[in-house]
Amino acid sequence: MRRLDQLHGSAFVSGASRGLGRVFAQMLLGEGVRVWGTSRDPSRLADLSAGHPGAFFPVAFDLGDRENAVRAFSEASSAAGGGFDIVVNNAGYGVFGEFSALDSSIWRAQLEDMLGTVLELSHAAFRSMRSRNRGCLVHVSSIAAEFPLPYMSGYNVAKAGLSALSESLMFEARGSGIAVIDFRPGEYRTDFNRAMLTANPSEATRPARAALEAELEASPAPERAALDLRRALLRNRSGIVRSGSLFQAHIAPLLARLGPASFVRWATARYHGL
Ligand SMILES: NC(=O)c1ccc[n+]([C@@H]2O[C@H](COP(=O)([O-])OP(=O)(O)OC[C@H]3O[C@@H](n4cnc5c(N)ncnc54)[C@H](OP(=O)(O)O)[C@@H]3O)[C@@H](O)[C@H]2O)c1
């Protein structure tokens with residue numbers, strides 16, 4: 001059976017302390033790839049460092065501190081030998097609330113973190129991959145880029161923007177040795193909801209929030225996403241990878257391509273308890 005280390009030697013995974021990023025890091029380590037993984041608090045990565053000496057390297061990294069995040073990436077990239085074979089921009093968080101009820105600075109900060117900082121990291125990664133004419137850039141976007149989540153406007157915009165960046169870079173990577181993967185998870189059972197910033201919850205948002213909690217509890221374990229990412233990295237080809245439950249990752253996107261936009265919007269609202 002082919003292993004990833006036959007193609008790739010090193011990887012950067014943002015948000016490796018828990019959830020999807022952690023299983024991505026574990027999968028890569030299991031395949032013999034050296035991993036630089038991030039957390040705002042690297043002590044959360046201590047077990048990965050202890051379990052994989054010489055193969056896992058913790059990196060302190062906060063999307064909200066762009067300058068330091070780019071510097072941390074660049075230092076890790078040098079330590080990896082002058083560039084990563086795989087860069088997984090995974091770190092992210094949700095903000096839940098009515099658009100007008102929250103201060104606009106909250107939404108703007110989310111865009112600056114999840115789009116602005118990630119764009120800078122992708123720029124550095126893509127530039128380095130271009131100079132070596134090889135590498136695999138993965139953006140962990142979301143099915144929310146296609147089916148926006150109610151009361152998560154900043155998140156929806158950030159993920160739609162990230163997917164648009166992936167598609168833009170896919171054009172530029174054509175004919176090169178670089179692959180750009182837009183990885184779109186449906187819901188996975190992680191701490192995402194618990195970590196979500198919820199400000200000024202109003203009566204109107206309650207059904208959508210309850211539906212979101214129920215969906216996340218019933219969703220697949222994150223290991224499935226790691227298997228899907230592994231397959232995509234082995235293919236080493238640019239493209240969109242939808243990952244998750246059969247309905248969210250496959251049936252809903254297919255139906256959405258066939259049905260009128262107004263029907264899709266109605267069905268999505270019903271699905272999310274509105
Ligand atoms: N779970 C889902 O259903 C789902 C669905 C679609 C897309 N996604 C996307 O998948 C990615 C991972 O989500 P998850 O479900 O694994 O969430 P999670 O369990 O909450 O993990 C989030 C990870 O991102 C890091 N992180 C969060 N905010 C950060 C910040 N401001 N700066 C730097 N790092 C930060 C966290 O690290 P520290 O707290 O240790 O710093 C943690 O490692 C996110 O981009 C999310 O949008 C998730």
Side-chain angles (χ1 to χ4, degrees), residues 12-27 35-48 58-70 72-73 88-96 106 109-118 120-122 138-149 152 154-163 165-166 181-198 211-226 228-229 240-245 248-249 252-253 272:
F12 179 88
V13 180
S14 69
S17 61
R18 59 174 193 268
L20 298 181
R22 171 160 285 246
V23 293
F24 293 158
Q26 285 168 329
M27 177 275 291
V35 176
W36 278 254
T38 83
S39 168
R40 284 167 291 185
D41 176 358
S43 72
R44 294 177 190 149
L45 301 165
D47 60 326
L48 284 174
V59 177
F61 176 107
D62 185 341
L63 290 172
D65 184 348
R66 189 171 303 163
E67 207 175 302
N68 275 329
V70 174
F73 174 78
V88 186
N89 274 321
N90 164 76
Y93 63 92
V95 177
F96 186 92
I106 294 179
Q110 189 176 28
L111 291 186
E112 283 170 3
D113 292 356
M114 286 175 52
L115 203 46
T117 302
V118 174
E120 291 293 340
L121 295 166
S122 294
V138 182
H139 288 150
V140 180
S141 176
S142 169
I143 289 286
E146 297 168 63
F147 301 97
L149 292 160
M152 293 183 68
Y155 184 80
N156 297 330
V157 174
K159 292 304 192 187
L162 188 59
S163 287
L165 178 62
S166 303
I181 296 171
D182 197 54
F183 192 84
R184 298 185 187 169
E187 276 152 324
Y188 273 103
R189 212 165 52 244
T190 68
D191 278 341
F192 183 82
N193 273 0
R194 272 181 287 278
M196 184 142 64
L197 170 64
T198 306
L212 203 62
E213 299 290 346
E215 286 156 24
L216 213 79
E217 279 313 308
S219 60
E223 283 73 14
R224 182 186 294 187
D228 287 339
L229 180 62
I240 297 168
V241 175
R242 295 182 183 84
S243 171
S245 70
Q248 290 190 353
H272 290 300

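Ligands are counted one by one from 1 in listed order, and the atoms in each one are counted from 1 as well.
In terms of polar-atom proximity, P185 is not counted as a contact of ligand 1, lacking any N or O under 3.5 Å from an N or O of the ligand. Checking only distances, I143 never comes within under 3.5 Å of ligand 1, N or O to N or O.
Protein heavy atom at the shortest distance from atom 42 (C) of ligand 1 is S17 OG, 3.5 Å. The shortest contact between atom 4 (C) of ligand 1 and any protein heavy atom is with G186 O, 4.0 Å. Residue, atom and distance of the protein heavy atom nearest to atom 34 (N) of ligand 1 are A91 CB, 3.6 Å. Among all non-hydrogen protein atoms, the one lying nearest atom 38 (P) of ligand 1 is R44 NH1, 3.2 Å. Counting protein heavy atoms only, atom 3 (O) of ligand 1 is closest to Y188 N, 2.7 Å. Closest to atom 20 (O) of ligand 1, if we only count protein heavy atoms, is R18 NH2, 3.0 Å. Considering only non-hydrogen protein atoms, atom 12 (C) of ligand 1 sits nearest to N90 OD1, 3.3 Å. Protein heavy atom closest to atom 14 (P) of ligand 1, with residue, atom name and distance, is T190 OG1, 3.6 Å.
Set against the non-hydrogen atoms of Y155, the atoms of ligand 1 under 4.0 Å away are 6 (C), 7 (C), 8 (N), 9 (C), 46 (C), 47 (O). In the vicinity of L20, heavy-atom distances shorter than 4.0 Å reach the ligand 1 atoms 10 (O), 16 (O), 48 (C). For ligand 1, the atoms sitting less than 4.0 Å from at least one non-hydrogen atom of S142 are 6 (C), 7 (C), numbered in the order shown with element in parentheses. Close contacts between ligand 1 and S39 involve ligand atoms 38 (P), 40 (O), 41 (O) [criterion: under 4.0 Å to a heavy atom].
Of the candidates F96, F192, Y93, F192 is the only one forming a ring-ring contact (aromatic ring centres under 6.0 Å, His included) with Y155.
Taking the charged nitrogens against the carboxylate oxygens, R22 and D47 do have a contact shorter than 4.0 Å, which makes a salt bridge. A salt bridge links R242 with E146: the distance from a Lys NZ or Arg NE/NH1/NH2 to an Asp or Glu carboxylate oxygen falls below 4.0 Å.
Heavy atoms of R189 found under 4.0 angstrom from ligand 1: none, in either backbone or side chain. At a heavy-atom cutoff of 4.0 Å, ligand 1 is contacted by the side chain of Y93 but not by its backbone. In S219, neither the side chain nor the backbone holds a heavy atom less than 4.0 Å from any atom of ligand 1. At a heavy-atom distance under 4.0 Å, atoms from both the backbone and the side chain of R40 approach ligand 1.
By the 4.0 Å heavy-atom criterion, L216 is counted among the residues contacting ligand 1.
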